[in-house]
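Since the structure comes first, as structure tokens, the remarks are kept for the end.
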2 protein chains.
Amino acid sequence: MSILPDTASPDLAHPQEQELQLTQVLFALSDPGRLDIVRQLRDGPVEMANCNLMDPEVAKSTKSHLFKVLREAGVIRNIPKGRGRLLSLRRDALDRRFPGLLEAVLNAN
Amino acid sequence: MSILPDTASPDLAHPQEQELQLTQVLFALSDPGRLDIVRQLRDGPVEMANCNLMDPEVAKSTKSHLFKVLREAGVIRNIPKGRGRLLSLRRDALDRRFPGLLEAVLNAN
DNA sequence: AGGAGGGTTCGAAGTTTATCGAACCTTTCT
DNA sequence: AGAAAGGTTCGATAAACTTCGAACCCTCCT
């Protein structure tokens, strides 16, 4: 457990918990490819290199963009790890701001 | 209470409950203007003519389009009433398909 | 019948979002 | 140091979504 606040994620900008916007979160989750990523993070952090996209043919810049949208919405955290990146769900922030939302989305279907 | 199934909404096409797609629902809800409409329907049906949009300046064709996106996603029902239309949330269908989702969205903020 | 109130649909134009390749940056390995 | 692995960012193009006005449809009212 870190002592640092939720937003202390080096290198890339992460919105603060209080800045999260419901519509932006919903939009981030409204793409099947991005939703799939979120499901992969359900049980814990995953290294980006090990995160398989729905469409395995996409360019790496596109892959990066998918994570960017999720990160900027506050859905995921993206921190450096080794020469790659570690992705995780911002469950804590999401559950406080939008109680029940993430659970409902993850449990759907 | 109607004996007819959920989808028997005259005139305009409504998706069947089993056809609802989570990502489509999330997208429909991801626009502030559309989300606001959903909130107005929280406590019961509203006639379209009485439904005030966030931006009161929009053309009527645009207003109609907002409802169309919500209807096609299965979020709302839109049935004829007199010379106008009656709008209502498809709570039943949404709650069965995506338990907790609507509640979480409505309670947020 | 004719008109007005309320909405939908269509096509065009404007605005976002997605996707890609190229260039660049960091960390690890040799 | 140099090279490779793993990602981000930028600029351009393609695809999707939004918005509007015009045309059209119904229903109620006179």
Side-chain angles (χ1 to χ4, degrees), chain A residues 9-15 21 23-38 40-41 45-88, chain B residues 9-15 21 23-38 40-41 45-88:
Chain A
S9 305
D11 186 16
L12 288 176
H14 290 67
Q21 296 199 255
T23 51
Q24 195 178 358
V25 170
L26 293 173
F27 180 80
L29 298 173
S30 74
D31 174 73
R34 289 191 297 256
L35 183 55
D36 181 68
I37 290 169
V38 170
Q40 291 187 48
L41 298 179
V46 171
E47 291 175 36
M48 193 181 289
N50 298 330
C51 188
N52 303 304
L53 298 189
M54 241 171 172
D55 176 1
E57 311 282 285
V58 297
K60 63 177 181 176
S61 54
T62 302
K63 180 174 182 180
S64 183
H65 181 65
L66 290 174
F67 294 110
K68 181 182 184 182
V69 173
L70 289 167
R71 169 177 54 82
E72 289 181 338
V75 177
I76 68 173
R77 205 177 282 118
N78 177 348
I79 63 175
K81 177 183 179 189
R83 56 181 138 182
R85 302 232 141 225
L86 188 66
L87 305 167
S88 57
Chain B
S9 305
D11 187 16
L12 288 176
H14 290 68
Q21 296 199 263
T23 52
Q24 195 178 357
V25 170
L26 293 172
F27 181 81
L29 298 173
S30 73
D31 174 74
R34 290 191 297 255
L35 184 55
D36 182 68
I37 290 170
V38 170
Q40 291 186 50
L41 299 179
V46 172
E47 290 175 39
M48 195 181 287
N50 298 329
C51 188
N52 304 302
L53 299 188
M54 240 171 172
D55 176 0
E57 309 283 286
V58 297
K60 63 177 178 173
S61 53
T62 302
K63 180 175 182 181
S64 183
H65 181 67
L66 290 174
F67 293 111
K68 181 182 184 182
V69 173
L70 289 167
R71 171 177 52 80
E72 290 182 336
V75 176
I76 68 171
R77 205 177 284 117
N78 177 346
I79 64 176
K81 177 182 178 188
R83 55 182 139 185
R85 303 232 142 224
L86 188 65
L87 306 167
S88 56

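Below, chains carry the letters A, B, ... as their sequence lines are ordered, and counting in each starts from 1.
When distances run from any side-chain atom of B/Arg85 to the nucleotides C/dT8, D/dG21, D/dT27, the shortest one goes to C/dT8. Of all nucleotides listed (D/dC20, C/dC20, C/dG7), C/dC20 comes nearest to the side chain of A/Ala59. Taking every side-chain heavy atom of B/Lys60 into account, C/dG7 is the closest of D/dG6, C/dG7, D/dT18. Picking from D/dT18, C/dT19, C/dT9 the nucleotide with the shortest atom distance to the side chain of A/Leu66 gives C/dT19. For B/Val58, the listed nucleotide lying nearest its side chain is D/dC20; candidates were C/dG7, D/dC20, D/dG7.
For the pair B/Asp55 CG and D/dT19 C1', the computed distance is 11 Å after rounding to whole Å. Computed from coordinates, the A/Lys63 NZ to C/dG21 P distance equals 15 Å when rounded to whole Å. Between A/Leu12 atom CG and D/dG6 atom P the separation is 18 Å, expressed in whole Å. If you take CD of A/Gln24 and C1' of C/dT16, they are 14 Å apart, rounded to a whole angstrom. A/His65 places its NE2 atom 20 Å from the P atom of C/dA22, with the value rounded to the nearest Å. Rounded to whole Å, atom P of C/dC29 lies 6 Å from atom CZ of A/Arg83. With rounding to whole Å, B/Leu86 atom CG is found 16 Å from D/dT27 atom P. As rounded to whole Å, 14 Å separates atom P of D/dT27 from atom CD1 of B/Ile79.
Nearer the 5' end of DNA chain D, as judged by each residue's closest nucleotide, is the contact made by A/Glu47, out of B/Arg34 and A/Glu47. Comparing B/Phe67 and A/Glu57 by the nucleotide of DNA chain C that holds the closest heavy atom to each, the one mapping nearer the 5' end is B/Phe67.
Between A/Met48 atom CE and A/Leu87 atom CG the span is 4.5 Å, to the nearest 0.5 Å. The line from CG of A/Leu70 to CG of A/Asn78 is 10.0 Å long, rounded to the nearest 0.5 Å.
One N or O on the side chain of B/Gln24 and one on the backbone of B/Glu72 form a donor-acceptor pair closer than 3.5 Å.
Nearest heavy-atom pair across B/Arg71 and B/Pro15 is O-CD, 3.3 Å.
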| message | What verdict does the side chain to side chain contact (heavy atoms under 4.5 Å, CB included) test give for B/Asp36 and B/Leu53, after you've listed the backbone C-alpha separation in whole Å, the side-chain angles of each residue and the deciding distance to 0.1 Å? | response | CA-CA 8 Å; B/Asp36 182 68; B/Leu53 299 188; over 6 Å; no
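Under 4.0 angstrom from either OP1 or OP2 of C/dG7 there lies no side-chain N or O belonging to B/Asn78. Dashed line: the shortest gap from a side-chain N or O of B/Ser64 to OP1 or OP2 of C/dT8 is under 4.0 Å.
With hydrogens and angles ignored, a donor-acceptor pair under 3.5 angstrom links the side chain of A/Ser61 to the base of C/dG21.
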